[in-house]
Asker: 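Dropping the structure in here first, questions after.
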Amino acid sequence: MPIFEYICQECNHRFEAIVQGSREPACPSCKATTLEKQLSAFAVGGTSAWSSSSGPGPCGTCGDPRGPGSCSMN
């Protein structure tokens, strides 16, 4: 059972979820299912489906979804 990292598009809650079969994960905070899968350290060298993400996030450098100036790289 793979563990994936997600960011909820409704409340911006970041979490990990164990995905079993074809079950769709939901945010533990708001129960929304509009989630964005995040690249994790374990995903390096993963399948081509995982690498088809939309690229860096709003920050533009590290992909931090909180926007420019939010991460420790700035």
Asker: Test of understanding: with side-chain hydrogen bond (donor to acceptor under 3.5 Å, both in side chains), list the residues that count as partners of Gln9, not counting sequence neighbours.
Answerer: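 Glu36.
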
Asker: Which residues pass the side-chain contact (heavy atoms from CB on, under 4.5 Å) test with Ala26, sequence neighbours left out?
Answerer: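 By the side-chain contact (heavy atoms from CB on, under 4.5 Å) rule, Ala26 matches Thr33.
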
Asker: Determine whether Arg14 and Glu5 satisfy the following criterion, side-chain contact (heavy atoms from CB on, under 4.5 Å), listing intermediate values before the conclusion.
Answerer: CA-CA 7 Å; Arg14 185 181 201 113; Glu5 294 181 35; 4.0 Å; yes

Asker: Answer yes or no for Lys37 and Tyr6: cation-pi contact, defined as NZ/CZ to six-membered ring centre under 6.0 Å and angle to ring axis within 45°.
Answerer: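 Cation-pi check for Lys37 and Tyr6: fails.
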
Asker: Verify side-chain contact (heavy atoms from CB on, under 4.5 Å) between Ile18 and Phe4, making sure each step is shown before the conclusion.
Answerer: CA-CA 6 Å; Ile18 296 174; Phe4 294 108; over 6 Å; no

Asker: Do Phe15 and Leu35 come close enough that some side-chain heavy atom pair is under 4.5 Å?
Answerer: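 When only atoms from C-beta onward are counted, Leu35 and Phe15 do touch, with a gap below 4.5 Å.
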
Asker: State, to 0.1 Å, how close Cys27 and Cys30 come at their nearest heavy-atom pair, and which atoms those are.
Answerer: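 Heavy-atom minimum between the residues: SG-N, 3.5 Å.
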
